[in-house]
Amino acid sequence: MHINLESQVVLSNEEEMLGIPSVADMITWAQAAFNAAGYNKDCALTARFVDNDEIQELNRTYRHKDSPTNILSFPYEQDENLPEELLAEEAADGEYLGDLVIAMAVVRKEAHEQEKTLTEHCAHLIVHGCLHLLGYDHITDDEAQEMEGLEIKVLEELGYPNPYEE
């Protein structure tokens with residue numbers, strides 16, 4: 001499996017950029033999540049690092065929650081009405097799964113409050129977001145149990161602690 005991950009950083013100062021994970025790390029975390037979920041196709045996704053204002057606007061628009069959040073996942077839905085040449089062009093990097101939008105200020109704050117390293121928290125959020133791109137969710141208790149179980153397994157395999165233990 002090959003993963004093409006584009007990292008977009010749209011932050012205004014260096015302090016906001018502190019702790020942004022490398023593309024190599026994010027690919028490692030994504031691959032572990034995809035493997036655990038039984039997904040093994042070549043694929044592409046985008047990780048976009050934004051400020052609190054942008055993620056709050058997205059959270060308000062798409063989740064009707066008027067506050068910043070750590071990560072939002074936007075699974076890609078292909079428009080079947082695209083011309084054949086554009087469909088072929090889209091498939092060049094493998095199946096496009098979607099976008100992860102991450103607010104590093106929120107992630108840093110949460111990592112500190114939860115007494116986790118920034119790397120541990122970023123790994124968890126990338127794994128969590130990638131599972132959302134594959135259709136996993138945590139709306140019901142059963143869905144949450146399944147998704148969290150996968151996250152715990154993946155993070156353990158990567159050498160990180162259970163993110164849900166206090």
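Heads up: numbering here begins at 1 and tracks the sequence.
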E146 (side chain) donor-acceptor with E143 (main chain) under 3.5 angstrom:
no
If you define the side chain from C-beta out and look only at heavy atoms, does anything of P68 sit under 4.5 Å from N59?
no
Does E16 use its side chain to pair, donor to acceptor, with the backbone of S12 at less than 3.5 Å?
yes
Distance-only polar pair, side chains of E151 and Y164, donor-acceptor under 3.5 Å:
yes
Run the side chain to side chain contact (heavy atoms under 4.5 Å, CB included) test on V101 and L58 for me, step by step, so that the C-alpha distance in whole Å, both residues' side-chain angles and the decisive distance to 0.1 Å come before the verdict.
CA-CA 9 Å; V101 182; L58 292 168; 3.8 Å; yes
Nearest 0.5 Å please: distance from the CG atom of L11 over to the CD atom of E54.
9.0 Å
Does either side chain, that of E6 or that of Q8, offer a donor lying less than 3.5 Å from an acceptor on the other one?
yes
Can you measure from CG (L150) to NE2 (H128) and round to the nearest 0.5 angstrom?
12.0 Å
Can a donor-acceptor pair be found between the side chains of E156 and N162 at a distance below 3.5 Å?
no
Lys/Arg-Asp/Glu bridge criterion (N-O < 4.0 Å) met for E57, R60
yes
Rounded to the nearest 0.5 Å, how far does OH of Y39 lie from CD1 of I3?
9.0 Å
Are any of the side-chain heavy atoms of L18 and M104 separated by less than 4.5 Å?
no
With a 4.5 Å cut-off on side-chain heavy atoms, are R48 and F74 touching?
no
Derivation of the ring pair (Phe, Tyr, Trp, His ring centres under 6.0 Å) call for H121 and Y160:
CA-CA 9 Å; H121 199 39; Y160 298 114; over 10 Å; no
